[in-house]
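All values reported here derive from a predicted model rather than from experimental measurement. Chain letters run A, B, ... following the sequence lines, proteins first and then strands; every chain starts at 1.
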Amino acid sequence: MLRGYVLTYLVFLYAPIVLLPIFAFNDSTVIAFPLTGFTTRWFEALPATPELVRSVRTSLSIAVSASILATLLGLCAARVNARYAFPGRAAVLGFVMLPLILPEILVAVSLLVVLLTLGVQLNALTVVLGHTLICMPFAIAILNGAFGNLDPAIEEAAIDLGCSRWQAFRMVTLPLIAPGIISSLLIGFTISLDEFIIAFFLTGSDPTLPVYLWAQLRFPARLPIVMALGTLLVALSVILLCGAEWVRRRGMRRSGRRDAGGFFA
Amino acid sequence: MKRPIVELRDIHKNFDGEQALDDLSLDIAEGEFFSLLGPSGCGKTTLLRTIAGFEQPERGTLTLDGKPMEGVQANRRPTNMVFQSYAIFPHLDVARNVGFGLRRSRLSASEKSNAVEEALQMVGLGGFGKRAAHALSGGQRQRVALARALILKPRVLLLDEPMSALDRKLRETMQDELRRLQRQVGITFILVTHDQEEALIMSDRIAVMFDGRIAQVAAPGELYLRPASRRVAQFIGMMSFLPARLRGREIEVDGFGRTDVSERQAPGGLKDGPAEVGIRPEMMSLLSEPPSQGQRAASGRVSEVTYYGDMSYYAVMLDGTDRTVTVSMKNLPGGVTAERGEAVTVSWDPGSLMIF
Ligand SMILES: Nc1ncnc2c1ncn2[C@@H]1O[C@H](COP(=O)(O)OP(=O)(O)O)[C@@H](O)[C@H]1O
Ligand SMILES: [Mg+2]
């Protein structure tokens with residue numbers, strides 16, 4: 001009974017992702033069974049589409065900027081959270097984590113309203129802003145875990161042995177939270193790369209990749225190319241997420257600490 | 001007393017309005033093994049961290065080795081610390097942990113590695129340099145923390161409850177070794193502990209702290225025999241208290257009767273009126289026969305017997321009172337023993353009682 005339920009769940013969850021590469025290699029413009037033959041021409045068509053290449057470049061630079069920004073801000077927040085107790089700390093933290101549970105469409109619309117009211121020109125930077133906002137909760141969750149595992153006396157021990165505050169942070173704290181930082185960067189990058197709603201609302205004349213793809217859906221002939229691109233994106237996401245988890249676990253093992261938290265059990 | 005290497009004057013420190021150190025003054029001599037002893041929360045760690053430079057007092061002055069420490073950061077003070085958690089750097093091996101403080105010294109690489117090996121040998125960890133930090137046992141972590149602090153040859157070594165994470169057997173070994181190490185290097189050690197036995201075993205002098213203040217500073221023997229207050233007496237070792245009345249130099253103690261006392265038995269002075277006397281378990285004994293005429297003794301009934309192997313402790317409820325005294329007796333062959341519920345006679349040595 002339970003097994004049947006789990007099986008159905010997995011089929012519904014992953015069937016579309018399995019279909020993606022199947023049709024990406026299918027030699028037909030029609031997305032339907034039966035399959036007609038194997039081809040790589042949809043993949044070959046990818047670099048030959050200039051707008052597509054441009055949107056990939058836009059998406060990549062947005063994802064890199066947003067993940068770095070979110071990680072830097074998350075670093076500050078997590079350190080403050082680990083080191084200082086102040087009244088209302090839980091409330092502030094809860095507020096920062098809010099985008100995690102808020103419907104993305106709400107975040108997108110309210111950001112758009114604020115930006116338009118301020119008279120800000122919509123462009124790649126406004127998307128970076130939105131993506132930083134939704135990546136922050138993940139960055140903070142990961143980095144809170146990294147700092148939480150840390151004995152506060154360790155940094156003091158380094159100072160006691162002659163380091164300045166900054167040296168102590170760089171020589172002791174930073175290496176110990178590095179896995180968390182890398183993990184946060186990779187997860188932020190992945191989230192930003194395939195985010196659609198905020199990008200759709202806040203993008204100006206430079207569409208991100210998901211926004212560009214959405215526009216292409218109106219042209220059935222281009223569908224197989226979209227399938228090919230989707231296949232690449234899924235592969236990239238899986239690789240990045242596994243990489244993030246691998247780095248995090250290796251860091252844990254190396255410093256001999258117990259595994260706590262993380263997104264995969 | 002030699003020139004003080006640590007001088008604390010009127011130190012105040014509070015956390016969110018809570019007074020952690022209250023007008024505290026203290027001198028610690030060079031080369032001493034000095035302990036800060038007190039119950040949990042009395043401010044021992046705060047005092048140690050103030051000396052190390054991790055806490056800034058609101059008022060008062062701290063002088064280390066003759067130099068005022070105001071405005072001197074923790075990394076520039078002639079102190080090193082062994083943290084309660086040991087704070088071993090988990091990403092570095094044992095040699096890098098121990099050599100951490102030598103990073104920026106002018107020594108050559110080979111001089112540094114010699115110094116590291118020497119420090120490791122000093123704490124009994126010769127050849128452990130390549131071990132990963134997380135592969136160390138509790139006792140080894142403590143040794144690494146010691147070597148890491150001592151390699152810098154500080155004027156003062158600060159130790160915050162270094163034995164509290166160790167099991168009893170290992171704790172006793174480490175207490176011996178720490179004492180030996182201190183004699184060997186001659187550095188001033190300041191040990192924080194809440195364990196009175198540990199403080200008595202290890203220290204040249206002990207400061208007993210309550211509520212952010214120093215209650216008494218004395219050598220272990222003096223602290224035990226001449227506690228400055230009832231609270232100190234109660235905290236160090238075991239002591240029974242009995243109500244009494246004082247008139248001139250004569251005191252009348254419930255159950256025991258009258259006896260003469262001297263000034264030195266009363267840290268607060270001899271004042272006529274109600275008082276309280278305190279007496280250690282080993283200053284009383286159980287008698288095998290009823291007291292002879294004129295012998296100072298009280299009768300009572302054994303309410304509890306606690307067996308410690310070499311010794312037994314008897315709680316005796318004194319006849320005609322609601323007070324219990326604790327008497328210790330050596331368990332010698334043919335010696336006096338008593339059962340729970342047995343009627344006994346307790347004799348005492350009036351010269352050793354304290355008046356509070
Ligand atoms: N960082 C701090 N913030 C707030 N209160 C503190 C802090 N450190 C210590 N205290 C308070 O100061 C008092 C003394 O603490 P501490 O020096 O750690 O005692 P001990 O080491 O003797 O157990 C305690 O009441 C404790 O709650
Ligand atoms: Mg403490």
Chemist: Strictly distance-based, threshold 3.5 Å: is any side-chain N or O of A/Asp160 a donor or acceptor partner for the main-chain N or O of B/Ala74?
Modeler: no
Chemist: Which heavy atom of B/Asn75 sits nearest to which heavy atom of A/Cys163, and what is that distance?
Modeler: ND2-O, 2.9 Å
Chemist: What part of A/Ala168 lies closer than 4.5 angstrom to a heavy atom of chain B: side chain, backbone, both or neither?
Modeler: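 Nothing of A/Ala168, per the 4.5 Å heavy-atom cut-off to chain B.
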Chemist: Got more than 12 heavy atoms from elsewhere within 6.0 Å of CD, B/Glu118?
Modeler: no
Chemist: Is it the case that more than 12 heavy atoms not belonging to A/Arg54 sit under 6.0 Å from its CZ atom?
Modeler: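 Counting neighbours around CZ of A/Arg54, 12 or fewer heavy atoms of other residues, nucleotides or ligands fall under 6.0 Å, so no.
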Chemist: Would you call A/Met171 and B/Arg103 a side-chain contact if the rule is heavy atoms closer than 4.5 Å?
Modeler: yes
Chemist: Inspect the surroundings of CZ in A/Arg165 and state if more than 12 heavy atoms from other residues, nucleotides or ligands are less than 6.0 Å away.
Modeler: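 No, not enclosed.
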Chemist: Checking an interface table here. Which of residues 34-47 of chain B come within a heavy-atom distance under 4.5 Å of chain A?
Modeler: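 The stretch does not come within 4.5 Å of chain A.
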Chemist: Does the side chain of A/Pro175 come within less than 4.5 Å of B/Leu92's, by heavy atoms?
Modeler: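 No, their side chains stay 4.5 Å or more apart.
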Chemist: Using a cut-off of 6.0 Å, state whether more than 12 heavy atoms not belonging to B/Arg96 lie near its atom CZ.
Modeler: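 No, because the 6.0 Å sphere around CZ of B/Arg96 holds 12 heavy atoms or fewer from other groups.
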Chemist: If you look at every heavy atom in B/Ala87 and A/Asp151, which pair is closest and at what distance?
Modeler: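 Smallest interatomic distance, heavy atoms only, reads CA-OD2, 4.0 Å.
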Chemist: Near B/Glu70 CD, under 6.0 Å, is it more than 12 heavy atoms from other residues, nucleotides or ligands?
Modeler: no
Chemist: Starting at CZ of B/Phe89, measure out to OG1 of A/Thr173 and round the result to the nearest 0.5 Å.
Modeler: 9.5 Å
Chemist: Evaluate the side-chain proximity of B/Phe54 to A/Ile159: yes if any heavy-atom separation is below 4.5 Å, no if none is.
Modeler: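 A side-chain contact under 4.5 Å exists here.
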Chemist: Heavy-atom distances under 4.5 Å only: say whether B/Ile88 touches chain A with side chain, backbone, both or neither.
Modeler: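 Backbone only.
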Chemist: Checking B/Arg141 now: which residues fulfil salt bridge (charged side-chain N to carboxylate O under 4.0 Å, His left out) with it, not counting sequence neighbours?
Modeler: none
Chemist: Mark yes when over 12 heavy atoms from residues, nucleotides or ligands other than B/Gln121 sit less than 6.0 Å from its CD; otherwise mark no.
Modeler: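 Correct, the count exceeds 12.
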Chemist: Please identify each residue that fulfils salt bridge (charged side-chain N to carboxylate O under 4.0 Å, His left out) with B/Glu58, with sequence neighbours left out.
Modeler: B/Lys13
Chemist: Can you tell me how far CE of B/Met81 sits from CD of A/Glu156, rounded to the nearest 0.5 angstrom?
Modeler: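 If we round to the nearest 0.5 Å, A/Glu156:CD and B/Met81:CE are 7.0 Å apart.
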Chemist: Which pairs pass ring pair (Phe, Tyr, Trp, His ring centres under 6.0 Å) with one or both residues in residues 102-123 of chain B, sequence neighbours excluded?
Modeler: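 Ring pair (Phe, Tyr, Trp, His ring centres under 6.0 Å) check on residues 102-123 of chain B returns no pairs.
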Chemist: Specify the closest pair of heavy atoms between B/Phe83 and A/Ala153, including all atoms of both residues, with the distance to one decimal.
Modeler: CD2-CB, 3.8 Å
Chemist: With only heavy atoms counted, which part of B/Arg104 is less than 4.5 Å from chain A, the side chain, the backbone, both or neither?
Modeler: side chain
Chemist: Would you compute the distance between atom CD1 of A/Ile177 and atom NE2 of B/His91 and round it to the nearest 0.5 angstrom?
Modeler: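 Rounded to the nearest 0.5 Å, the CD1-NE2 separation comes to 11.0 Å.
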Chemist: Kindly indicate whether the side chain of A/Val172, heavy atoms from C-beta on, has any atom under 4.5 Å from the side chain of B/Phe100.
Modeler: yes
